[in-house]
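Input: a single structure, listed below in structure tokens.
Keep in mind the model is a prediction, meaning the values are calculated, not measured. Both ligands and their constituent atoms are indexed starting at 1 by order of listing.
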Amino acid sequence: NGHANGHVKASDSVHSSQTTDRSKWRLLDESGRHTWHYLRTEKELEDWPQTTADKYHMGLPVNLPDLPPASRPSESIDNCLTFYSKLQLPPGNWACEYGGPLFLMPGIVCCWYATGTPIPQEYQIEMRNYLLARQNKDGGWGLHVEGHSSVFGTAMNYTVLRILGASEEDPRLIKARGKLHQMGGAVNGPHWAKFWLSVLGVMQWDIVNPVPPELWLLPDWVPISPWRWWIHMRQVFLPMSYIWSKKFIMPETDLIRSLRQELFIQPHETIDFGSHRNSIAKEDNYHPKSWVLNLINIILVWIWIPFLRTKSIVEKAEAWTWRLVQYEDHNTDYACLAPVNAPMNTLVCFIKEGRDSYSFKRHLYRLEEFLWVNKEGMLVNGTNGVQVWDTAFSIQACCEAGLATSAKWEPMLTSALEYLESEQIRDEVPDREICYRQSRKGAWPFSTKLQGYTVSDCTSEALRVVLLLQNAHNYKVIISEERIFHAVDVLLTMQNKHTGGFASYEPQRGSEHLELLNAAEVFGRIMVEYDYPECTTAVVTVLSLFQKYYPDYRAQEIIDIKNSALKYIRNAQREDGSWYGSWGVCFTYAAMFALESLGSVGETYANSSRVRKACDFLIGHQMPDGGWGESYRSSELKIWVDHPEKSQVVQTCWALIALMYAQYPEKQAIERGLRMVMGRQQANGEWLQEAIEGVFNCSCMITYPNYKFYFPVKAMGMFMARWGDKALI
Ligand code: LAN
């Protein structure tokens, strides 16, 4: 049925030194839908010229002119925007590589392979190139591009390389196998690795800890019901549980037979897969499973599954999970929440409806939106893009720099605002309560309206832009008052009532003790929503701005929410004066938000010991060159870890912005930081990529390449507003 020994011929494989012609790739942006296209004919190439943005994203020379050297902040900002504006795409948004995690491509490639979907030659070549470029010196891969080698990263990306036609004789694959075997082989991988390798038939399903779909049959009041879990967990658990219940295995191929010999340290026939359910390498075991979860697994494996899990329960559970998968598919037009559940939902549709079904085909079409091409090759982004988030912050930075009404930048800002207008979510999903969705009418998502998930801070940051441009700077009103109120209405549904904080997609729905059921092993803090200083600040500060223009709208509620949210921010400060950042690396990121919150109610260095403590914490970590540099290990270990090499432009800007929100009095410290940042600006106005900026779930890092453009603009803009535009270098 289309599998005939796999679709990739081993003959085109051995030499992974092939490459495609970068001058033939184009990024297409259809109202924010980003896809990459490889052009073939002369005619196509002529009709669709390569843009500066295409070249930039692939690391080709952009040949933008050198600009007059900047000595004042205003000049540095102008140079930066001269460069950055060339990267704005026609719909008004910016695009970027959103790479870092190394467990996303395996899901998509395993899904293609398991469903016999042909993989275009140029994808195969460039995905191989990317993975080989990102291989660690010891031969393995980590959870993310800067991380140490783990079984998850190594076993899965090795498998991907083989599916994509790399030869087992390739010296780099030999080395990868060596590293994998040294860590005990693929049986020591985490749950998700065991899941995908069982789908492929490289492992046997006995090795996968149970993923029972019948959990979805629990009544809603049960404290562990899946609807209470963090959205990313439950949306992954959902298709996974369906596939686990079906014990789907793809038809055997030569490659699968070969992988069975390559991935383990003992002959495949002799492995007792059931005995390895809990085997896990120390390199992967970031969040060891709790005794509670181990006990539950024992009960499921030895009692529930063999004796109590009747056919009728199975049928009911599968039917209901299929319904919920369909809700997710219909609500996102098959784009799905993120690239972890997307390939799993794709596989569910393949199993249930077959390869010719609309659902399966539409999924394949949507999976394209996660792919990205950079200098090293093709990778899988963490979402279908960063469109709304980047566009909102880009505009805010310009406003901060006093450029909202500058004739030069107004067209750029107008078009960015128009993009945000097009991405506001205007309606609720059908049967919202049945599929457990947070209200979304009026909200903004992180990436696109099509994906359509409310995020508290994305809504806030976008709303802030609307208020700044339309209300503060008299831009033409394209988002009506009514729509502004809808956005506020959504935000007001999102507070965590018992703490005052705000989470990401939904208010917390279950107890933090649910973390005892965290089965993923490689991530921390994934089971429920938490309070985040970042999200809380975004909401608090935009509500203040909103009240400036609309003092009467739900006034008392807003005041109460702001007060309790500020209480949360104060409570979340740690002994040493810092805040832990969950979405950026790490303490500099959180400080920027927390101090903005406190500054917004007049708590500053001059009058608050709390703020002084926070400033002292930051100043204590300023490096000799005036900058700040934190390692991603800060996020993992939850204590400050210096970047091993050097200060970082983006983190330096975060620290400076934090200090300025606190009205830190010592100008010299801030000037030293800004000098470092300005000193690293290139002659054409850009900054170069440094260490990875973002994080999720404590252990996985993710890039935000546009941070290096708009956070310097914001930091310099704030400096100018306070101390004027004087020559710094
Ligand atoms: C993101 C990216 C954006 C991020 C911010 C808006 C920055 C944050 O303030 C709130 C949370 C949010 C929306 C967020 C949540 C988790 C995401 C979606 C990601 C970090 C991007 C990738 C990640 C997702 C969970 C990746 C899939 C991994 C799993 C463990 C399921």
Side-chain angles (χ1 to χ4, degrees), residues 96-108 143-144 152 190-193 195 229-240 286-287 328 332 335-345 370 380-393 438 443-448 451-462 494 501-506 518-539 580-586 589-590 592-593 632 635 654 692-704 706-707:
C96 68
E97 169 185 337
Y98 195 36
L102 286 175
F103 60 94
L104 301 173
M105 196 190 295
I108 292 186
L143 184 64
H144 59 92
F152 195 17
H191 196 218
W192 292 5
F195 168 83
W229 305 1
W230 188 44
I231 186 121
H232 281 282
M233 273 308 107
R234 66 175 196 262
Q235 292 295 33
V236 170
F237 181 84
L238 177 70
M240 210 180 200
Y286 179 76
H287 184 107
E328 165 75 344
T332 60
C336 291
L337 174 63
V340 182
N341 78 327
M344 291 184 188
N345 276 22
F370 297 117
V380 172
N381 277 345
T383 55
N384 61 338
V386 190
Q387 294 86 332
V388 165
W389 185 251
D390 273 344
T391 304
F393 274 105
Q438 176 68 18
W444 273 272
F446 176 69
S447 56
T448 60
Q451 188 256 13
Y453 276 87
T454 306
V455 185
S456 66
D457 56 353
C458 301
T459 303
S460 304
E461 302 297 356
M494 296 190 77
F502 282 79
S504 54
Y505 296 81
E506 294 156 350
N518 176 348
E521 293 150 327
V522 293
F523 304 115
R525 306 218 303 168
I526 55 170
M527 289 305 289
V528 290
E529 284 274 11
Y530 291 87
D531 295 313
Y532 302 111
E534 301 97 309
C535 299
T536 308
T537 296
V539 179
Y580 177 75
S582 294
W583 308 109
V585 177
C586 173
Y589 187 67
M592 168 172 77
F593 288 99
Y632 75 83
S635 304
W654 291 342
I692 203 154
E693 302 90 348
V695 59
F696 56 91
N697 305 144
C698 310
S699 60
C700 193
M701 309 302 138
I702 189 158
T703 51
Y704 287 82
N706 291 328
Y707 281 2

Task: With S447, the side-chain hydrogen bond (donor to acceptor under 3.5 Å, both in side chains) member among N381, N384, D390, T383 - done: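 Result: among N381, N384, D390, T383, N384 is the only option passing the side-chain hydrogen bond (donor to acceptor under 3.5 Å, both in side chains) with S447.
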TODO: Can you sort out the partners of R525 under salt bridge (Lys or Arg N to Asp or Glu O under 4.0 Å), two or more places apart, ordered by chain and number?
DONE: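 Scan of R525 (salt bridge (Lys or Arg N to Asp or Glu O under 4.0 Å), adjacent residues dropped) gives none.
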- [ ] Could you tell me whether the side chain of S456 reaches within less than 4.5 Å of the side chain of Y532, counting heavy atoms only?
- [x]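 Of all side-chain heavy-atom pairs linking S456 with Y532, none is under 4.5 Å.
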Dump the pairs for me: ligand 1 N or O, protein N or O, distance under 3.5 Å, to 0.1 Å.
unit_1: ligand 1; atom_1: 9 (O); unit_2: D457; atom_2: OD2; d: 2.3

Task: Pair N345, E328: side-chain N/O donor-acceptor within cut-off below 3.5 Å - done: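 E328 and N345 do not have a side-chain donor-acceptor pair below 3.5 Å.
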TODO: Using the six-membered ring wherever Trp is involved, compare the ring planes of Y589 and Y707 and label them parallel, tilted or perpendicular (cut-offs 30° and 60°).
DONE: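 Ring orientation of Y589 relative to Y707: parallel.
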- [ ] Let me see the working for Y98 and F446 under ring-ring contact (aromatic ring centres under 6.0 Å, His included), right down to the final yes or no.
- [x] CA-CA 12 Å; Y98 195 36; F446 176 69; 5.6 Å; yes
